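Labels below follow one simple rule: chain letters A, B, ... track the order of the sequence lines, proteins then strands, and each chain is numbered from 1. In this text the structure is predicted, and so the values were computed from the model without any measurement.
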Protein chains: 2
Amino acid sequence: MEADEAVETIQREMTAFARRARASAGRMHPELSLVSYTLLGHLEESGGCRATDLAAHYALDKSTVSRQVAALERARLIERRVDPDDHRVQVLHLTAAGRRILAQVTESRRTAFRERLAGWPREDLERFAAYLVRYNAWSPESAGDEAEGR
Amino acid sequence: MEADEAVETIQREMTAFARRARASAGRMHPELSLVSYTLLGHLEESGGCRATDLAAHYALDKSTVSRQVAALERARLIERRVDPDDHRVQVLHLTAAGRRILAQVTESRRTAFRERLAGWPREDLERFAAYLVRYNAWSPESAGDEAEGR
DNA sequence: AGATTCAAGTTGTACTATACAACCAAGCCG
DNA sequence: CGGCTTGGTTGTATAGTACAACTTGAATCT
């Protein structure tokens, strides 16, 4: 069956990609690992949030986030502000330096992706993007939704 | 420009995927990491090869492969046979157990992917698969080939 | 109010994947 | 033969991660 073959290919290619991505991202941007980049990006988008939120959002252990945050703070890329309403909470914010590095790495990553995708017809880019969104949006809980038209 | 937006989306989604993949693969199949799985798969496809070939193919350091191979051998999933023509070389082969585990994990992964991709029209599956192949096939040396019709 | 439970973070510990460098051992070549 | 090359291992170091134990502050339930 051809559909099965396509699933197989998707599986193989996604796996291959996953295997390579982290390492190559690290080589491209030694100053900001993929994880740090992601966390910084979230802080920018969200305009500041708690370590716990990051952990929940990215399915990471709170200890992992704690250490990442500590490293980012040490590097002066983020700062912690204790929430006056709840002294357990530290709200994380990008510093100016953090914003700068983030922008720089984003730009450099964008360039790499643009280069890699150069020559793709716009229609293909848009379809590929849509497929990826759809693929990533899947979660066990949402399984079956589409089939039932929700 | 819409094409740029699509590139941005691809970037973001690929990144998100990469971040999650390894960990989730590990959770799904504690008995065989993504790397081990990949190496075993290569041995099956190739019908036996050298550690150096694996390293080259997956852009891993030979020391990394050496240790992976050692672990897989310890687990009795592969075996080494010294090449009679060149005593430096160890040709790696799957054992029966290795073949069994590989098949089992492949099946389980396939199921997960099938579930995730359930409800996708066959046409979309095929297009997505083709896009991924194209995306992964890219390498710095090949850049520009398409534009020049090679 | 006091005791208990809950939530946010930190720290200790351990493991995996990885790289780089130094090394060894076997072939190969002039 | 002697030196270079190639395949592989080992020592060492780092990043990212998890889990468990702990601290501290908040909330809740008598």
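Taken together through direct or relayed side-chain contacts under 4.5 Å among Ile, Leu, Val, Met, Phe, Trp and Tyr, B/Tyr131 and A/Phe113 form part of one hydrophobic cluster.
Between B/Trp120 and A/Tyr135, the distance separating the two ring centers is not shorter than 6.0 angstrom.
B/Asp61 comes within 4.0 angstrom of a base, heavy atoms only. Among the protein residues, A/Ala59 comes within range of the sugar-phosphate backbone only, with heavy atoms under 4.0 Å from sugar or phosphate atoms but none that close to a base.
The side chain of A/Ser63 approaches C/dT11 more closely than any other nucleotide in the set D/dT17, C/dA17, C/dT11. Side-chain proximity of A/Ser66 to the nucleotides D/dG16, C/dG9, C/dT10 is greatest for C/dT10. Residue A/Gln68 has its side chain nearest to D/dG16 when only C/dA8, D/dG16, D/dG8 are considered. Distance from the side chain of B/Val89 is smallest for D/dG8 among the nucleotides C/dG9, C/dT10, D/dG8. When distances run from any side-chain atom of A/Arg80 to the nucleotides D/dA20, C/dG9, C/dA19, the shortest one goes to C/dG9.
The phosphate of D/dT24 has neither OP1 nor OP2 within less than 4.0 Å of any side-chain N or O from A/His87. The side chain of A/Ser33 contributes an N or O atom lying less than 4.0 Å from OP1 or OP2 of D/dG16. Look at A/Gln90 and you'll find a side-chain N or O under 4.0 angstrom from OP1 or OP2 of C/dT10. Between A/Thr52 and C/dA7 there is no side-chain N or O to OP1 or OP2 distance below 4.0 Å. Listed pair A/Thr64 / D/dT17 fails the phosphate criterion, with no side-chain N or O lying under 4.0 Å from OP1 or OP2.
Across the protein-nucleic acid pair, B/Ile78 atom CD1 and D/dG8 atom C1' stand 13 Å apart, rounded to whole Å. Atom CZ in A/Arg74 sits about 11 Å away from atom P in C/dT10, given to the nearest Å. The CG-P distance, from B/Asp85 to D/dG7, rounds to 14 Å in whole Å. Between B/Leu60 atom CG and C/dC20 atom P the separation is 11 Å, expressed in whole Å. Residue A/Lys62 contributes atom NZ, which lies 14 Å from atom C1' of C/dG12 at whole-angstrom precision. In this structure, the CG atom of A/Leu39 is 15 Å from the P atom of D/dA15, given to the nearest Å. With rounding to whole Å, A/Leu92 atom CG is found 11 Å from C/dG9 atom C1'. What separates CG of A/Asp83 from P of C/dA8 is a distance of 11 Å, to the nearest Å.
Note on B/Asp124 versus A/Arg127: no salt bridge recorded, every NZ/NE/NH1/NH2 to OD/OE distance being 4.0 Å or above.
Between A/Arg76 and A/Ile101, every side-chain heavy-atom pair lies at or beyond the 4.5 Å cut-off.
A donor-acceptor pair is defined here as one N or O able to donate and one able to accept, closer than 3.5 Å; such a pair exists between the side chain of B/Ser46 and the backbone of B/His42. Distance alone, capped at 3.5 Å, is enough to place a donor-acceptor pair between the A/Asn136 side chain and the B/Glu13 backbone.
In the interface, the side chain of B/Arg67 is paired with the base of D/dT12 through a donor and an acceptor atom under 3.5 Å apart. Scanning atom types as modelled, no donor and acceptor separated by under 3.5 angstrom connect the side chain of A/Arg88 and the base of C/dT10.
When each of B/Arg50 and A/Asp86 is assigned the nucleotide of DNA chain D bearing its nearest heavy atom, the one mapping closer to the 5' terminus is B/Arg50.
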